[in-house]
Structures are given as C-alpha cells and as structure tokens.
Amino acid sequence: MTTNVFIPGLLDRHFADFLTARSGLNGEAAGVFQHIVADLSAAMAAGHVCLPVSGEEAEVLRQSPLISTGALTPLVLHGGRLYLHRYFTYEHRLAAQLLELSERSYEVDNLAGLLDSFFTLEDGETDWQRQAAEVALQWALCIVTGGPGTGKTYTVAKIIALLLKAYGPGLRLALAAPTGKAAMRLRESLGRGLADLALPADLASAVPAGASTLHRLLGVRPDSPAFRHGADNPLPYDVVVVDEASMVDLAMMSKLVDALPPGARLILLGDRDQLASVESGAVLADCSRALPDNTVELQRTFRFDAGIKRLASLVNEQNAAQAWRLLETGEFANVRLVRGPSLQHAVDRYFEYMRMVAEVSDEAHYPQVFALFNRFRILCAVRQGARGVIAVNQAIERGLQARGCRSSTEETWYPGRPVLITCNDYSLDLFNGDIGICLPDPTKEGRIKVWFERPDGHLRSFLSYRLPQCETVFAMTIHKSQGSEFDEVLIVLPDQDNPVLSRELVYTAITRAKKEVAILAEEEILQAALGRSIERASGLAEMLCQGMGVD
C-alpha cells in the first residue's frame, strides 16, 4: 500500500485562505481552490514537491490568475501537478541541468586498458563495479546505487584512481555528503580503498585529505538561503562526488548542480531504497529511475552480514510474515527479536561506554571514546510515547544513574552525555544532525566541554552554553540516523500503529547495522509498517524522461 494522505493543519488552512481570498474565484470554485491549496501545503510539509490534481480540479485552478504554467505566479500547474512556484523552478531547472550532464560524454584514451588495470573480468558474472567505472569515465553524470555492503565507496575509490590516471594529478576533486558523519565515513572508506590501490605518490596527493558537508562545500551565507557558490561563482572542481545522495533534497541538489563549473563531472552514490530526504523530493530515486544509461546498481554484497542482508531483503519485499519468522526463530544469531519493555541490554552497552569515559585522562584518548560510542545506537521510529526517543533517552539516563554513571537527574552536562544538534549554527560551523560528547576540558580541571568529530577526523570543542539547540542522543530517530553506521543497533517501534511507520523506515534502520540487529516490536506493528510504502509526489522523473516542455 502506498500512502499519500494529506491532513492539512492550521498553517496549511491559513495559507490556503490567504491565497483563496486573492484567487478571483467565488462560490464552489473558491471552495475547491481552498481545499486544493491546503492539500498542497500539507503535502509540502510531508516532503512532497507537488500535488497531483485531477482534470476537473485543474479546470478550476486555471480560472485563477494566481495559476500559470511556469510564469511568475505563486502557483504553477504543470503536467497534472500543482506546485509552489519556487519548487517548480527548482525541479524544472534541475531537470534541465541533469539532462545536460547526462548527455555530455568524454573520450578517454585507452579506456579498456584503464579499466583492465583495476578490474578482472570473470566469465559468466557481470562486474557491476567495472560498469560503474565505465559510466563515470565516459559521462558527466554517474549514479551508483546499491544496498549496504555492495561496495559503493570502494567502487568510487577505483573511479577516482582511474580519473587521476587518465587526467593526471592536476584533476581537482571534491568529496561531500549531506551530514558531517556521512562525510567522515566517505573519506575513511575512500582512504582504505585508495590505500589498497597503491597509487603513485603524485596521484595520491591529489585526493582531498577530507570530505565536507554540502553546506560547507557550497559555502554558507549566514541568514540567507543562498550559498557563496552558484552559477555566477562556480565551485573550483572538475569532479564532485556526493555520498548518501538519497538524503539530498530537491532544493539542495538544485543548488549543488547550479554551482558545478562547465565541464565538471558529478558522481552520486546512494541507496535508493532508503528513506528519502527529510525535506522535499526523492531526487536519487527519480534520477536513477529516469536516467538508466547513467545509473549502475551494484548487486553483489561483499561486507554485509548474511542475517542482516536477509532481513533487509524481506523488509524491502514487504514480506512481513517471513521477516517476523526470521526474527522469532533466531535462524541468525545476530538478528533477533527483543520482547518486553526492558532496555537493560542497552543500559549494559552504554555502561561499557561510560566506564571508558570515566577512565580517559587526556584529549589523545577522546577519539577512542567516540569510536566506542558509535558502535551501538538505539533507533526509534517516533519521538513521543513510551517507545519514543524522549522516553527512551530518559530511561537510559535513569539506568546509567542507577549504576553510578551520573550523580543526579539535575546534572545536565555530565561526562559522557552525548548530544545531537537540532538546528544549524553557521557561526560555529555546527549543523542539524551533528553529534557531540561531553568530556572534561584538559586545560581546566572540573570544566566540561562538548567535543565534536569533524569531517577531517579532528576534534573540536565548545563550552555547553555556546551550543545551538541540542538534545541527549543515546537514542535517536531513524530519520536522524541516515548517513550513519553502527556495529549494532536496537530498533524500537511504537506499541501502536503510526503513519510514520513504513517499509522504507524499517529498511533504513536495519541497514544502519554492520554486525547485529535487535528489534523491539509487536508482530502486528511490524506488519503494519511493512504494508506501508511512501512515494514522494514529484515531476522530476517525468521531466527527465519526456523533456522540458512548458506551456
């Protein structure tokens, strides 16, 4: 079942009332207009780019001067979809740019020989990684998709090595991801992959020492939605690689492609079966579907544990009965069901982490604290309720306090407390989703600072009062976990059905784990989640497939 049900809220209705009063319509037509605009506003809040409308609804909308097919009006009706003008502009411009990229090709000398230097052809088996490299060498746009463990970043390491061999050490490369954690993972994975390839020193030196977030790559302008880099001030790179591209929303992708200089390549990596971006659109899924000649899906799993892979596959197939049976029978020791309300296992795992925090004596050991903390995470589907993020974090803190890891509930900034930044602070270079850990300040006894890992691997610290809005993060929402990877995850689903539950949500949670998955859920709730699939309303794929005609 695909669910696209929009329930307008108070702001949606006020927005619709505001435009209806200026629509030039009266009577029944005004009522229809008001209803459609309220639905559009609610759809936008749910992550959709536009609202599909019927032929009869389109006839009513066309009667208003607020509607056009692309002119400077508040609303745009195009291809049977209603848009806010800004998002139509984003989508239309992005489609045109991606089509240009997808059709721009390059001649590479001795292409087969270059590919043979990194890939060995095996009889009867398709080398998907080789195909991805071939696309990346020949076309300006390359999209590499695949589930966890299929070798996306190792493939792009080979692609980068091949591009450097083809064009020399003067090739300018940029590595980026939507979040700081994803950027760190990209650079670490690429570092390991490139080390295995043993590039000559002059080529290895051309690989960036770090990866950045997209915000940092494009250059934030405080108090402005625009970035320093754009069409009039393009990025100084020949190749831009973006990992976790499923998290990139329509507006950000449009701004990124705007900022590419003429002749640049764009390589997108991601898992199109994961949750789409928090903001509007499902750009990676739309592009991979509409641009098959530029897309390669890696289909062979190298690293992923067999039990986790099997469970993720069943979830993707929406096979709730077999997924539950797999969890319940314990066929795989590291994929299991958790019964009852107890979070004692999670408290035990975090107690090990808190014990390390108590033992570290200087900043040199702080990376080890981050490494241990990042081995395990609780992932909740919802924020509210007994199994929501807020209640679970409180339960973990109480459990740790009972074991002597915290002096009292009144102690807010205690050693070991992990915090999640929930809003951007451009002046501090901290962004929504960044995670810090409270640890002692080595320069002043008794003082606590909050330390953050940066994309280049270094640590940076702040006094707590300087931080933007943040919250404790022993548990985090599944949405917030995108771009992260943990050895072990405990997935907590609510005890009642909730519209947020979906196949994509459960799949994303499972695939955050490398070694072990435990799920706290009832069978009927898991069944309801896997029976629900969320499809974002968008016209991008159709624009890419059918061209750019605007009435």
Check ion pair Asp243-Arg185 (N to O, under 4.0 angstrom): no
Worked check of ring pair (Phe, Tyr, Trp, His ring centres under 6.0 Å) between His78 and Tyr83: CA-CA 8 Å; His78 178 74; Tyr83 296 81; 7.0 Å; no
Arg13 vs Asp39, salt bridge (Lys or Arg N to Asp or Glu O under 4.0 Å): CA-CA, chis, key distance, verdict: CA-CA 9 Å; Arg13 291 193 293 272; Asp39 278 354; over 6 Å; no
Arg503/Glu317 ion pair, N-O < 4.0 Å: no
Side chain to side chain donor-acceptor pair (under 3.5 Å) evaluation trace for Ser23 with Ser64: CA-CA 5 Å; Ser23 67; Ser64 171; 4.9 Å; no
CA sep, side-chain torsions, deciding dist, call: Thr179, Glu244, side chain to side chain donor-acceptor pair (under 3.5 Å): CA-CA 9 Å; Thr179 67; Glu244 297 290 350; over 6 Å; no
Any donor-acceptor pair under 3.5 Å from Thr150 side chain to Gly147 backbone: yes
Residue pair Ser254 / Arg93: nearest heavy atoms and the distance that separates them: OG-NH2, 3.5 Å
Candidate list Leu269, Asp271, Thr295, Asp273, test side chain to side chain contact (heavy atoms under 4.5 Å, CB included), partner Thr145, passing option: Thr295
Ring pair (Phe, Tyr, Trp, His ring centres under 6.0 Å) pairs, two or more places apart, involving residues 220-272: His215-Phe227
Leu544 vs Leu98 side-chain heavy atoms within contact, under 4.5 Å: yes
Residues forming a salt bridge (Lys or Arg N to Asp or Glu O under 4.0 Å) with Arg221, sequence neighbours excluded: none
For Glu134, salt bridge (Lys or Arg N to Asp or Glu O under 4.0 Å) partners two or more places apart: none
side-chain contact (heavy atoms from CB on, under 4.5 Å) partners of Thr155, counting only residues at least two apart: Gln129, Ala132, Ile159, Leu298
Any side-chain heavy-atom pair of Val248 and Leu284 under 4.5 Å: no
Any donor-acceptor N/O pair, Arg22 side chain to Phe18 backbone, under 3.5 Å: yes
Electrostatic pair Arg454:Asp429 at N-O distance under 4.0 angstrom: yes
For the student: nearest non-hydrogen atoms of Leu379 and Phe486, plus distance: CD2-CE1, 4.4 Å
Where Leu540 and Val283 come nearest, the two heavy atoms and their spacing: CD2-CG1, 4.1 Å
Test side-chain contact (heavy atoms from CB on, under 4.5 Å) applied to Leu11 - qualifying residues, sequence neighbours left out: none
Test item: side-chain donor near acceptor, Arg228 and Asn233, under 3.5 Å: no
Within 6.0 angstrom of Arg460 CZ, more than 12 heavy atoms from elsewhere: yes
Greater than 12 external heavy atoms within 6.0 Å of His85's NE2: yes
Candidate pair Arg512 and Gln274, rule side chain to side chain contact (heavy atoms under 4.5 Å, CB included), full reasoning: CA-CA 10 Å; Arg512 298 309 88 209; Gln274 284 185 25; 2.8 Å; yes
Over 12 non-hydrogen atoms of neighbours within 6.0 angstrom of CD in Gln131: yes
Over all atoms of both residues, closest heavy-atom pair of Ala95 and Met543: CB-CB, 3.8 Å
Heavy atoms of other groups near Gln496 CD, more than 12 under 6.0 Å: no
Residues, nucleotides or ligands: over 12 heavy atoms within 6.0 Å of Tyr106 OH: yes
Nearest heavy atoms of Val207 and Leu164, plus distance in Å: CG2-CD1, 3.9 Å
Tyr87 ring center near Tyr90 ring center (under 6.0 Å): yes
Least distance between heavy atoms, Ile67 atom then Leu61 atom: CG1-O, 3.1 Å
Verdict with reasoning, Ser288 to Arg272, per side chain to side chain donor-acceptor pair (under 3.5 Å): CA-CA 8 Å; Ser288 61; Arg272 60 185 175 191; 3.2 Å; yes
Partner residues of Glu471 under the salt bridge (Lys or Arg N to Asp or Glu O under 4.0 Å) criterion, sequence neighbours left out: Arg383
Pair Ser41-Asp12, side-chain donor/acceptor within less than 3.5 Å: yes
Donor + acceptor pair across side chains of Ser538, Asp286 (<3.5 Å): yes
Val506 vs Leu530, side chain to side chain contact (heavy atoms under 4.5 Å, CB included): CA-CA, chis, key distance, verdict: CA-CA 8 Å; Val506 178; Leu530 300 197; 4.1 Å; yes
